Amino acid sequence: MRGEERARRIFSTAREEKRSYVLEYEVKEILKGYDIDVTKEVVCKTVDEAVQVAKNIGFPIVLKIVSTEVVHKSDSGGVKLGIKSEEELKAEFDKMLALYSGKFSAEALKGISVQEMVSGEEVIIGVLKDSQFGHMMMVGMGGVFVEVFKDVAYRLAPITEAEAMEMLKELKGFRLLDGYRGRKPANVKSLCETLSRVSTALEELPEIKEMDLNPVFVNDKRAVIADGRIFI
Ligand code: ADP
Ligand code: MG
């Protein structure tokens, strides 16, 4: 299914559930429809299902809470990284489920996402819709670069891959992607593709008010979305 059709279905589900917030796994479903690389993941309801999924994906894996009432997952203990074995997975799955079953309604709780653990430099992609100018895109290096140095670049959508490259070159932290201190150069081309494909999605989906892809991991092989939210 193409991205636009996926998005329309997901947005209408969100509206039916009276929320303007599109969940991480739904964002990833939409992005896949635009050929954007996202972490492999399955939302699981039971520990047995989680074990099967983890075996298919391969350890280490990541667990994340999936609830319509949780926007910032790690703030409330809803992200567990680097799970290395079936035993560890079972224990952490039960722990997370117990933690959130008490806090939230059963309706809000959709399950626990079992996902691929990825690595690389962390980049953030942001989008804000202005009523006059349309979608403004932002890219920056993750962590302290954004929080402390405000090291980000902006362009109005739509943007091409070449324009995405210009944005990245404006970043002080670009050196981190470019083979800094003997590190393997990151696959910057694939990050530029991601940015221009996000731009295509924005053109087709004017109802997006805000999008936050944070983080996007970029390594020598790929640029892959590890977390995302959309507000419609
Ligand atoms: P939050 O809702 O708190 O933003 P995230 O999904 O972004 O939750 O997870 C928190 C942090 O965990 C991320 O900023 C990233 O550093 C790390 N992380 C999340 N998903 C993955 C993943 N699939 N592989 C590796 N690290 C991840
Ligand atoms: Mg995040």
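These numbers were taken from a predicted model, which means no experiment stands behind them. Counting starts at 1 for both ligands and their atoms, in listed order.
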Between L177 and M141, is there a side-chain heavy-atom distance shorter than 4.5 Å? yes
Test your reading of the structure: does H72 have an N or O sitting under 3.5 Å from an N or O of ligand 1? no
Closest to atom 10 (C) of ligand 1 among protein heavy atoms sits S74 OG, 4.0 Å
Closer than 4.0 Å to some heavy atom of V62 - which atoms of ligand 1 meet that? 22 (C), 23 (N), 24 (N)
Side chains of V188 and V218: closer than 4.5 Å at any heavy-atom pair? no
Is there a path from I10 to L23 through hydrophobic residues (I, L, V, M, F, W, Y) whose side chains come within less than 4.5 Å of each other? no
Residue from I30, I125, L202 passing side chain to side chain contact (heavy atoms under 4.5 Å, CB included) with M211: L202
Using non-hydrogen atoms of the residue, decide whether V70 is closer than 4.0 angstrom to ligand 1. no
Using the rule given for salt bridge (charged side-chain N to carboxylate O under 4.0 Å, His left out), can you reason through E69 versus K110, listing the C-alpha separation, both sets of side-chain angles and the distance that settles it, and then say yes or no? CA-CA 10 Å; E69 290 171 359; K110 305 231 175 214; over 6 Å; no
Where does E116 meet ligand 1, judged by heavy-atom distances below 4.0 Å: at the side chain, the backbone, both, or neither? backbone
Return yes when at least one N/O/S atom of N214 is nearer than 2.8 Å to the Mg ion (ligand 2), and no when none is. yes
At what distance is the nearest protein heavy atom to atom 19 (C) of ligand 1, and which residue and atom is it? K64 NZ, 3.5 Å
Spatial distance of atom CG (L176) from atom CG (L171) [nearest 0.5 Å]: 10.0 Å
Would you check whether E41 reaches within less than 4.0 Å of ligand 1, judged by its heavy atoms? no
